[in-house]
Structure formats: C-alpha cells, structure tokens
Trainee: 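Below you will find the structure I want to go over with you.
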Amino acid sequence: EDKVVQSPLSLVVHEGDTVTLNCSYEVTNFRSLLWYKQEKKAPTFLFMLTSSGIEKKSGRLSSILDKKELFSILNITATQTGDSAIYLCAVEPYNFNKFYFGSGTKLNVKP
Amino acid sequence: GAVVSQHPSRVICKSGTSVKIECRSLDFQATTMFWYRQFPKKSLMLMATSNEGSKATYEQGVEKDKFLINHASLTLSTLTVTSAHPEDSSFYICSASNPSGRAKGVSYNEQFFGPGTRLTVL
C-alpha cells in the first residue's frame, strides 16, 4: 500500500533552535517528493526533490532526498516564530496523477 | 485513520460539459473541507472552504457559479466544474479538517489531504 509518513507529528522548539522534519514513503513509481508549509490558507510550496543526495536550499530551509532509503528531511536552522506552521510532505508517482500526502508535522516555535 | 478519498482520480471531458468531483473523509467526520487547485510549479491555490450544511466560502477571484460546492454530509463534499473549458484543466485536491479529539488515532493537525483529481478538458 502506497503511503507517506511524517514524523514527528508535532514539535515545540524555541527561537534559534534547529529542527529536522522527516518524511518517509512507500510509493510505487516514485517521481518526486514535495514539501509544503501550511499556515492559514493554501500550503505554500517549498521544495520539489527528484534526485537523491542533492540538497535544495532556500534561506534557512534545506531539504534532501534519499531514494535508496525512501525518505526526505527538511531542515530549518535558526528557527523563528514565523516558522510556526504545519509542514506537509507529498509524493507524486509517475502516471497516476495522484499525490500522497503525509499527515504533516506541526511545528511551534516559541519566542 | 484520517483517510480522505477523491473520485474520480482522473477525468477527461469535452468543453462545455460539467464535471463533478467527490471528496470523502472515510474514517472521520469532517465539518470543514477545503478545495484546492494546483498550478504549474506545484503551487496550491485555495478555491473555497466548504462547511457541512452551509454555503461554501469562496476565495477572491474564484467564480462560485462555475465551481459549485456542496457539503451535504459530514463525510462528503462535491465540487462541480460547470461548463468546463480547457483552461479549467488542472489538478484539484481536497482536504478535510479533523475536529480535534473526534477521530481515533489522529493527530491534531488541521487538514488531511485527498489524492487529487486530474481534470483534462478537451
């Protein structure tokens, strides 16, 4: 059964901490893995990963994919209260026109 | 727990026809469901928020007469694309909100996403 599992489900840190969010997947015909940040309305696209071992970086956020071990991590360094959100991981297979979303990690960054 | 399904997963239709997409929460009651449309570069746009038993709340710029939303029960919301045009071709994703504490084994994260429906209008 295809699935995407995120961990932890929730996380509370203090400003300045570094966090690592995990996403593991079992999806047939994997094409890409996407990370989104969801605050109030639509999830905001962060990264799309298709190749193993290549880190994608945007400011304090970075992500990497391991296609052998079937997981991805999203790192946030020097966290700020504005990073508080739910972070979603989704996997897209080839040819099936589907997204498999994880249940998300709820991050709370305290001042 | 917290499974959301969509039907159909893919639909191809002719221009001018109407298409209905269903979103179901399979193992929990969802008082609120959300409809999104995916754009190129994977961004998601919220189209509307659907509340059971009441009218949907549409986001600015979304035509309510074109995208009809019905949330008839706590487990089902439907999106009907009326008089579809090729520019409506997109990936439509729904999510369901879990009222905290009601679903077994479910975290208190806000929304659970369906697998999406690929609409192609010829």
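Throughout, a chain's letter reflects where its sequence line sits, starting with A, and its residues are numbered from 1.
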Trainee: To the nearest 0.5 angstrom, please state how far the CZ atom of F34(B) sits from the CD atom of Q38(A).
Mentor: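 Separation between the atoms: 7.5 Å.
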
Trainee: Do L46(A) and Y25(A) share a hydrophobic cluster, counting only Ile, Leu, Val, Met, Phe, Trp and Tyr and linking them when any side-chain heavy atoms are less than 4.5 Å apart?
Mentor: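 Same cluster: L46(A) reaches Y25(A) through Ile, Leu, Val, Met, Phe, Trp or Tyr contacts under 4.5 Å.
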
Trainee: Starting from V4(A), can I reach F30(A) by hopping between I/L/V/M/F/W/Y residues whose side chains sit under 4.5 Å apart?
Mentor: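 Yes; V4(A) is reachable from F30(A) via cluster members.
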
Trainee: State which residues pass salt bridge (Lys or Arg N to Asp or Glu O under 4.0 Å) with K66(B); sequence neighbours excluded, sorted by chain then number.
Mentor: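 So K66(B) forms a salt bridge (Lys or Arg N to Asp or Glu O under 4.0 Å) with D88(B).
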
Trainee: For the residue pair L44(B) and F45(A), establish whether any side-chain heavy-atom pair is separated by less than 4.5 Å.
Mentor: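 A side-chain contact under 4.5 Å is absent here.
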
Trainee: Can you tell me which portion of Q6(B) sits under 4.5 Å from chain A's heavy atoms? Options are side chain, backbone, both or neither.
Mentor: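 Contact with chain A: none, neither part.
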
Trainee: Is the shortest side-chain heavy-atom distance between P43(A) and F113(B) below 4.5 Å?
Mentor: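 Contact flag for P43(A)/F113(B) side chains = yes.
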
Trainee: Find out whether F112(B) and S103(A) are in side-chain contact, i.e. whether some heavy atom of one side chain is under 4.5 Å from a heavy atom of the other.
Mentor: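 Yes; the side chains approach each other to less than 4.5 Å.
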
Trainee: Is it the case that over 12 heavy atoms from other parts of the model lie below 6.0 angstrom from the NZ atom of K57(A)?
Mentor: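 For K57(A), atom NZ is crowded (more than 12 foreign heavy atoms under 6.0 Å).
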
Trainee: Do other residues, nucleotides or ligands put more than 12 heavy atoms under 6.0 Å from H85(B) NE2?
Mentor: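 Enclosed: over 12 neighbouring heavy atoms sit under 6.0 Å from NE2 of H85(B).
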
Trainee: Please test F101(A) against I93(B) for side chain to side chain contact (heavy atoms under 4.5 Å, CB included), starting from the C-alpha separation and ending with a verdict.
Mentor: CA-CA 11 Å; F101(A) 278 89; I93(B) 301 173; 4.2 Å; yes

